Each structure stands twice: as C-alpha cells, then as structure tokens.
> 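Take a look at this one; I'll ask things after.
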Amino acid sequence: MGLLTFKGGIHPYEGKELTMDKPIEVYLPKGDMVYPLSQHIGAPAKPLVKKGDRVLAGQKIAEAGGFVSAHIHSSVSGTVKCIESRLTAGGNKVNSIVIENDEAFESVDYSANVKPLEDMSREDIIAAIQEAGIVGMGGAGFPTHVKLSPKNIEAIDYIIVNGSECEPYLTSDYRRMMEVPEKIVKGLEVVLKLFPNASGIIAIEDNKPKAIQLLKEMVANNPKIKVNKMKTKYPEGAERQLIYANTKRYINSNMLPADAGCIVHNIDTLVAIYEAIYNGKPLIERIVTVTGDAIVNPKNYKVLLGTNFQELIDAAGGYKKDEPEKIIAGGPMMGKAVISTDIPIVKGSSAILCMQEDEVAACEPSNCIRCGRCVSVCPGRVNPSKLAKLAELGKIDEFVEQDGMECCECGCCSYICPAKRHLTQTIAATRKSILASRKK
Amino acid sequence: MAELKKISSSPHVRQEDSTSSIMLDVIIALLPTTIMGVYNFGISAFILILVCMATCFASELAFQYFTKRKITIGDFSAIVTGLLLALNLPPSLPWWMAVLGSVFAIIVVKQLFGGIGQNFMNPALAARCFLLISFTLPMTTFTYDAVTTATPLALLKAGEHVDLLRMFMGSTAGTIGETSAAALLIGGAYLLFKRVIDIRIPLSYIGTFTICILIYSLASGRGLDWTYIVAHICGGGLLLGAIFMATDYVTSPITSKGRWIYGVILGILTFVLRSPWNPTTAAEGVSYSILCGNLLVPIIERFTAPKSFGRGAEKHE
C-alpha cells in the first residue's frame with residue numbers, strides 16, 4: 001500500500017535532528033508568569049482574581065467568556081501582580097493576568113476532581129474537559145469542548161489524531177509520542193467514548209518510524225484504533241489535507257471537519273484530555289521545542305504556561321553568537337515572527353525557533369516568471385500566482401471567485417517561488433481583510 | 001523595552017532555486033547544442049551566438065537604464081534569449097541582421113510589455129519570425145560545409161533520402177541549434193532531471209506530432225516508414241522547439257492540464273504547417289506553431305483553472 005498523502009506540498013529542510021532525540025526536560029520558571037485572557041478562538045476569558053490575591057498552581061484565574069471560550073488556570077503559586085495588557089506572540093497586546101511566581105509551586109488538590117471514567121456520562125466528560133480549559137494545542141486554539149459537541153454525534157466516523165508534525169523543526173509532538181504514548185491512547189479512548197460510531201486514527205508521518213512502531217504496539221489490543229503511516233511532506237498535518245489523506249473525504253473552507261464525519265486532535269491536546277480525566281489536572285503545561293541554529297542547546301521542554309520566552313531561551317543555553325536575526329513562535333512555515341522575547345508561552349505555543357539569519361529578508365522579490373511551481377505545490381489547488389496578482393490589484397470579487405478563500409496560508413507557494421515573491425503573505429492579507437469585512 | 005526585532009509574515013524559509021539559477025540551468029542545458037552547432041558550422045556560428053547574446057544583454061541593460069527601471073540583467077534571462085535566438089538562425093546569416101533580431105526580441109517583444117514574465121510571445125521566436133519576414137532569403141539559405149544545401153525536411157519533401165545518423169549528430173544543413181538531435185536530447189534530459197521543465201509539454205507536443213506523422217505515413221502509402229517518421233521528429237527544429245521554446249515558462253500555460261492541451265495543439269499545428277503533402281509550403285513550421293500557441297495560452301488557462309481542494313464537497317451524514 002502506498003503511503004497516505006495528498007496532492008501538492010513541499011519538502012523543506014526538516015531541522016528535526018536538532019531536538020528529535022532529546023528527551024523532554026522539565027523547566028521550572030523563576031520570573032513573573034503572564035496569562036493572556038485570549039489564547040483561544042472565541043470570547044476572551046474573564047478574570048476571577050484581582051491584584052494582590054494569592055493563587056495556587058491549578059487554580060482557575062479566569063473563566064470562559066462564553067461557550068466558545070476557555071477557562072485559564074494559574075500554573076504556579078504566587079500573588080497576582082496586576083491585570084494589564086501585555087505583548088503576545090501574535091504581535092498585539094492582550095489583556096493578561098500577571099502573577100508573581102513564589103517558586104513554591106504549591107498546587108491545588110486535583111484528586112477531588114477525579115471520577116472513574118466508567119461512571120462518567122458524555123456530559124460529565126465534556127464538562128471535565130471544559131473545566132480544564134483545554135483548547136486545540138496545534139496552534140489555532142479552538143476550544144476542545146466545542147469541538148467535541150458537534151450537532152450530530154452519530155455522524156462522527158473518525159477521530160483523527162494529528163501526529164504528522166509536518167512543520168519543520170518541531171519535535172514536541174514526537175517526544176510526546178515517544179515518552180507518553182499510553183496517555184495519548186487513553187486520551188483518544190476518552191474521546192472515542194463520546195462518539196458511538198467513531199473509530200480512532202493516529203496519523204503519523206513516515207519520518208517517525210519509532211513513534212509509529214510504539215503506538216502500533218500500544219493500540220494492538222484495541223480494534224477501534226489504528227495507526228496510519230503518512231508520507232513525510234509539508235503540510236501533511238493541515239486539517240483538510242490530513243482528513244483527505246486518511247479518509248479520502250474532502251472539506252472546503254466553508255465546512256468543519258465534522259461535516260466530513262471527522263474530528264481532528266493534536267497530540268498534546270489528547271495528553272491534556274488524559275490529564276484532565278484521569279488526574280483532574282487542568283491545562284497548565286505543554287511541550288515546547290526550543291530550537292534553531294542560533295540556540296546553544298536546542299531542547300524539548302515541558303513548560304508551565306505563562307513562562308517567559310526569554311527565560312526558556314536562556315535555559316537552552318542562550319544564543320550562540322549575537323542576537324539571532326529572527327525569532328519565531330512556532331515553526332518556520334506558519335509560525336509568527338516575534339518583535340520581542342518578553343512574551344509568554346500560551347496554550348498554542350509549540351516552539352521557539354531562533355534563526356541566526358533571516359533568509360527572507362535577504363531575498364528580493366522579482367517579476368513572476370510563470371514557472372507554475374506555486375500551482376503544482378498548492379495543497380489547496382488554487383493558483384497562488386494569479387490570486388496574488390488579483391490581491392495586489394485589489395480585485396476582491398475576482399479573488400473570491402477564483403477560490404482565494406480556500407487558501408490555508410500554509411506557505412508552500414512563497415517557499416517554492418524562484419522569483420521570491422511574497423505570495424502567501426499577499427494572499428493572506430487580502431483574505432484577512434475580506435474576512436474582517438464579512439464580520440461587519 | 002529592549003530593541004524590537006524585525007518581523008515578517010510567514011513562511012520564514014525559502015528554497016534555493018531562483019530565477020537566475022533556473023536561467024543558468026537552461027544555459028547549461030543548451031551547452032551541448034551550442035557546442036555541436038559551433039562544431040558543425042564553424043566560426044561563423046560562434047560569432048553569431050556571441051553577437052546575439054551580447055546584443056540582448058546590452059539592449060536590456062540600455063533599455064532599463066534609460067527608462068530608469070530596475071536593472072535585472074543579473075537574472076540571465078536576456079542571455080538565454082540571445083542564445084536561443086542564435087540557435088534559431090542559419091549560420092551564414094550576416095551579423096547585423098542578428099543584431100537587429102536581438103534588439104527586436106528584447107526591446108519590442110520583452111521590455112515594451114513590461115520585462116521578464118510579462119511578454120506574451122517567446123522573444124527569441126518572435127524575433128526569428130520577424131527576421132524571417134524581413135530577410136526571407138538569408139533566413140532560409142542554409143549552408144553546410146560552405147555549400148548551400150537543403151535541410152533534411154526539405155529533402156524529404158522533395159522525395160529524397162536523408163541520413164538519420166547525420167541528423168542525430170547534426171552534420172546537416174539547418175539553423176545552428178536545430179540540427180543535432182543528440183545534443184538537444186541531452187539538454188532536455190538535464191532540464192528534466194533538474195526539474196526546470198516539466199515533461200508534459202515536450203511529451204504531448206512530440207507525441208501528438210508523432211501520431212499525426214505516423215498516420216500520414218500510413219495514409220500516404222509509405223507504410224510504417226520509420227526513417228521518414230524519425231526524420232520528421234529530429235528535423236525542422238521540432239526538438240529544439242519542444243524542449244526549449246515551448247517550455248518557456250512565461251509563454252506557456254501555468255496549469256498542468258493546460259500544459260497537456262498546449263502540447264497537443266502545438267503538435268497538430270506543426271503537422272498542419274509542415275503539410276508534408278504540399279510541396280509548395282515551408283518544411284518546418286515549429287516557430288509559427290509555438291507563436292500561435294503562445295497566443296492561445298490565456299484561453300487555455302481559463303479553461304483549465306485547477307479545481308480547488310474540496311470544491312463542491314458534500315456534507316457527510
């Protein structure tokens with residue numbers, strides 16, 4: 001059988017060898033912790049604490065601002081220093097709770113929240129996940145309890161676990177698969193319990209043979225879960241492409257995975273579900289890969305949410321030479337370049353990538369030579385060169401007509417373009433303005 | 001707050017290929033053809049090649065300098081145009097005609113339409129046809145070994161015999177770059193290997209033409225005359241056109257389906273223009289076919305626009 005995949009895509013330098021074989025290390029923060037009230041899709045959370053309050057690790061400090069929203073918990077013990085707007089990885093300032101860390105790491109007692117899984121109803125499980133403040137940890141931050149509440153639970157055929165980790169440099173999901181595969185499988189079993197007709201698929205790229213082997217052994221006794229081997233290619237883990245590769249079902253930008261009978265979860269999200277159900281623990285930590293050619297000791301860290309970027313960079317030995325030219329929150333394809341490292345780790349932070357040189361700044365865009373490479377790599381099967389041209393000319397109607405809204409901003413076209421045109425960037429900016437005008 | 005870092009929107013990495021590296025690859029792929037051309041036709045061919053390359057380079061530089069545009073000669077595209085034009089000229093052509101052709105290619109066909117990527121016709125081919133119309137006699141006089149001779153295809157049309165081995169090595173009359181099938185195929189293999197060109201256009205072009213000529217061979221009572229068929233494929237600039245001219249990015253369709261269709265159209269056009277049954281027409285037809293094809297590109301692209309991922313997908317119940 002051929003490997004599961006989709007049409008298009010690219011093979012950028014993976015950079016995973018830097019951290020792939022480095023076991024997860026626990027990092028305990030020293031400085032102030034910052035918890036942005038909006039680190040998920042949906043309404044911002046509302047603070048439950050005020051300046052001067054003493055909080056414990058695991059204590060809920062902000063509650064969801066609606067159904068599509070998520071609670072936020074403190075990850076350390078200490079005192080609320082202030083609630084003010086702070087810079088985040090996205091580049092904007094977000095109202096945040098700042099907690100002075102007393103370094104005691106005194107925690108609330110989680111065991112009170114635990115109920116045996118057999119005794120839990122569907123509502124109990126979803127309530128527990130909601131209470132734990134879990135959101136999709138692949139980056140988008142969609143609240144997990146919302147994802148688990150589709151209109152028709154019987155129409156869900158597959159729960160797909162996204163273990164592709166196709167974004168270069170990232171190894172946080174891989175380390176999770178290598179170190180706690182049982183938690184991933186148990187987390188998946190919890191989700192499967194919610195959907196009577198669903199079976200589980202753990203989809204992993206074939207550049208992670210050890211993880212595939214390990215998870216295959218783990219699920220050997222569970223006929224409802226299988227492990228799928230996918231071709232190593234970017235963006236294999238993009239939601240629509242992932243669903244297609246594993247089920248041959250298509251969804252477009254107007255549909256949700258549930259419309260194709262699928263629900264997709266990130267690896268770390270399942271670990272968080274496991275922790276919430278079996279240990280009663282809210283989402284207060286995640287795995288972050290600190291890597292890049294500018295870092296002395298690239299590593300995978302288990303990090304408490306709210307930890308400062310710079311602290312983590314220092315923990316990884318700091319910079320080799322001078323300041324790196326570019327620091328990215330996430331991977332090189334879809335991550336966000338940050339203007340400062342004085343920002344917190346949030347629920348969706350998968351990596352801190354420090355690059356010695358900014359290769360994009362070094363290249364000058366020139367005329368499109370119509371080589372067609374962007375068209376052949378585009379996983380969304382649109383014509384990036386044409387869309388970018390329409391975007392530049394401000395021809396919004398034609399842009400939409402040519403399926404510009406189907407672009408998932410994966411970055412393949414910009415990556416491959418020999419004329420070094422900023423295709424993704426141009427298309428993304430236009431998409432954003434169209435989406436904003438639709439909201440009005 | 002400490003000094004802020006520079007940022008840009010994702011993606012933050014780029015692959016290595018650039019416009020100039022692609023153009024260099026085309027030049028490398030044309031080396032065997034160039035060498036065989038000089039070997040077969042001597043110093044006059046060499047001079048023509050240099051004249052065309054130098055004139056194209058200089059015209060682009062001068063145009064961009066005097067119109068105060070960004071100088072882009074560093075992308076080597078003008079050099080490629082010059083080389084391709086020279087390879088499309090008869091070796092005995094006076095040098096000043098080559099200069100005129102080169103200036104036409106760069107200034108009129110390429111720069112006046114906006115420079116690289118903006119021209120709707122292949123500059124080298126448009127210049128060749130411009131010269132063909134302006135100086136028909138010198139453009140259609142082919143010499144080999146200082147003797148004016150007919151090209152293999154003209155010989156075929158006259159019902160005479162051609163030597164396939166000589167066509168393969170290029171020791172026949174013709175333009176500088178069209179005669180050696182072996183050298184062209186090596187160059188084509190290099191471009192395919194380096195993924196500079198895509199097999200679709202050459203394959204569908206040559207394939208369609210082969211089918212046409214095969215049917216003609218049968219229909220005209222020759223039976224399966226392989227010498228006739230192979231001579232038609234190797235002669236008349238078909239390989240040069242299919243590998244190096246029809247695959248020009250700027251003037252060929254960007255969509256993969258469109259590339260198949262484009263090749264098929266070129267194959268049929270070439271067959272029709274060659275009209276092997278009509279002794280009064282020219283024997284080649286590749287240049288005009290590709291230029292006509294260039295004009296059809298926008299229409300082909302319109303009808304072969306890719307269907308976006310998940311378009312028309314239905315909800316799964």
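Proteins get letters first, then strands, A, B, ... in listed order; numbering begins at 1 in each. No experiment lies behind these values; they were computed from the predicted model shown.
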> If you count heavy-atom pairs under 4.5 Å with chain B, which of A:Pro12, A:Gly335, A:Gly261 comes out on top?
A:Gly335
> Examine whether an atom of A:Pro379 lies under 4.5 Å from a heavy atom of chain B, and if so say whether it belongs to the side chain, the backbone or both; otherwise answer neither.
backbone
> Once rounded to the nearest 0.5 Å, what's the spacing between atom SG of A:Cys417 and atom CG of B:Asp17?
11.0 Å
> Counting only heavy atoms closer than 4.5 Å, note whether B:Lys307 contacts chain A via side chain, backbone, both or neither.
backbone
> Check B:Pro11 against A:Gly411 and note the closest heavy-atom contact, atom names and distance.
CG-O, 3.4 Å
> Take atom NZ in A:Lys420; do more than 12 heavy atoms of anything else shown fall under 6.0 Å from it?
yes
> For A:Met333, which atoms come within 4.5 Å of any heavy atom of chain B: side chain, backbone, both, or neither?
both
> Checking B:Arg259 against chain A: side chain, backbone, both or neither under 4.5 Å from a heavy atom?
side chain
> Kindly compute the distance separating CZ (A:Phe6) from CZ (B:Phe309), expressed to the nearest 0.5 Å.
8.5 Å
> To the nearest 0.5 Å, tell me how far B:Arg195 CZ sits from A:Arg373 CZ.
10.0 Å
> If I measure from the heavy atoms of chain A, does B:Ile22 come under 4.5 Å with its side chain, its backbone, both, or neither?
side chain
> Please test B:Ser8 against A:Lys326 for side chain to side chain donor-acceptor pair (under 3.5 Å), starting from the C-alpha separation and ending with a verdict.
CA-CA 9 Å; B:Ser8 61; A:Lys326 205 170 215 179; 2.5 Å; yes
> Are the side chains of B:Asp75 and A:Ile369 in touch, meaning some heavy atoms are under 4.5 Å apart?
no
> Give, as side chain, backbone, both or neither, the part of A:Arg249 having an atom under 4.5 angstrom from any heavy atom of chain B.
side chain
> Measure distances from B:Glu301 to the heavy atoms of chain A and classify the residue's part below 4.5 Å as side chain, backbone, both or neither.
side chain
> So which part of A:Gln241 gets closer than 4.5 Å to some heavy atom of chain B, the side chain, the backbone, both or neither?
both
> Identify the two heavy atoms, one from A:Ser385 and one from B:Ile254, that lie closest to each other, and give their separation to 0.1 Å.
OG-CD1, 3.8 Å
> Side-chain contact, heavy-atom cut-off 4.5 Å: B:Arg14 with A:Ser414?
yes
> What part of A:Glu364 lies closer than 4.5 angstrom to a heavy atom of chain B: side chain, backbone, both or neither?
side chain
> Check this for me: B:Lys68, atom NZ, are more than 12 non-hydrogen atoms of other residues, nucleotides or ligands nearer than 6.0 Å?
no
> If I compare all heavy atoms of A:Pro332 with all of B:Val13, which pair ends up nearest, and what's the gap?
CB-CG1, 3.9 Å
> Most heavy-atom pairs under 4.5 angstrom with chain A, which of B:Gly117, B:Ser308, B:Ser9?
B:Ser308
> Quick check on A:Cys368 against chain B: is it the side chain, the backbone, both or neither that has a heavy atom closer than 4.5 Å?
backbone
> Using heavy-atom distances under 4.5 Å, tell me whether B:Glu16 contacts chain A through its side chain, its backbone, both, or neither.
backbone
> Quick one: what part of A:Ser376 sits under 4.5 Å from any heavy atom of chain B, side chain, backbone, both or neither?
neither
> Hey, is the main chain of A:Ile416 close enough, under 3.5 Å, to the side chain of B:Gln15 for a donor-acceptor pair?
yes
> Does CZ in B:Phe193 sit with more than 12 non-hydrogen atoms of other residues, nucleotides or ligands closer than 6.0 Å?
no
> Please report the closest heavy-atom contact between A:Ile327 and B:Lys5, naming both atoms and the distance.
CD1-CD, 3.7 Å
> Please check: side-chain N/O of A:Arg370 versus main-chain N/O of B:Ser252, any donor-acceptor pairing under 3.5 Å?
yes
> Quick check on B:Ser256 against chain A: is it the side chain, the backbone, both or neither that has a heavy atom closer than 4.5 Å?
neither
> If you count heavy atoms of other groups shown closer than 6.0 angstrom to NZ of A:Lys336, is the number above 12?
no
> CD of B:Glu314 to CG of A:Asn252: how many Å apart, nearest 0.5 Å?
11.0 Å
> A:Glu406 side chain to B:Arg311 main-chain N or O, any donor-acceptor pair under 3.5 Å?
no
> Do you know which two heavy atoms are closest between B:Ala313 and A:Tyr250, and how far apart they sit?
CB-O, 3.3 Å
> Grab the two heavy atoms, one from B:Pro306 and one from A:Val375, that are nearest each other, plus how far apart they are.
CG-CG1, 4.4 Å
> Any idea which of A:Val382, A:Ile156, A:Ile328 has the most non-hydrogen atom pairs under 4.5 angstrom with chain B?
A:Ile328
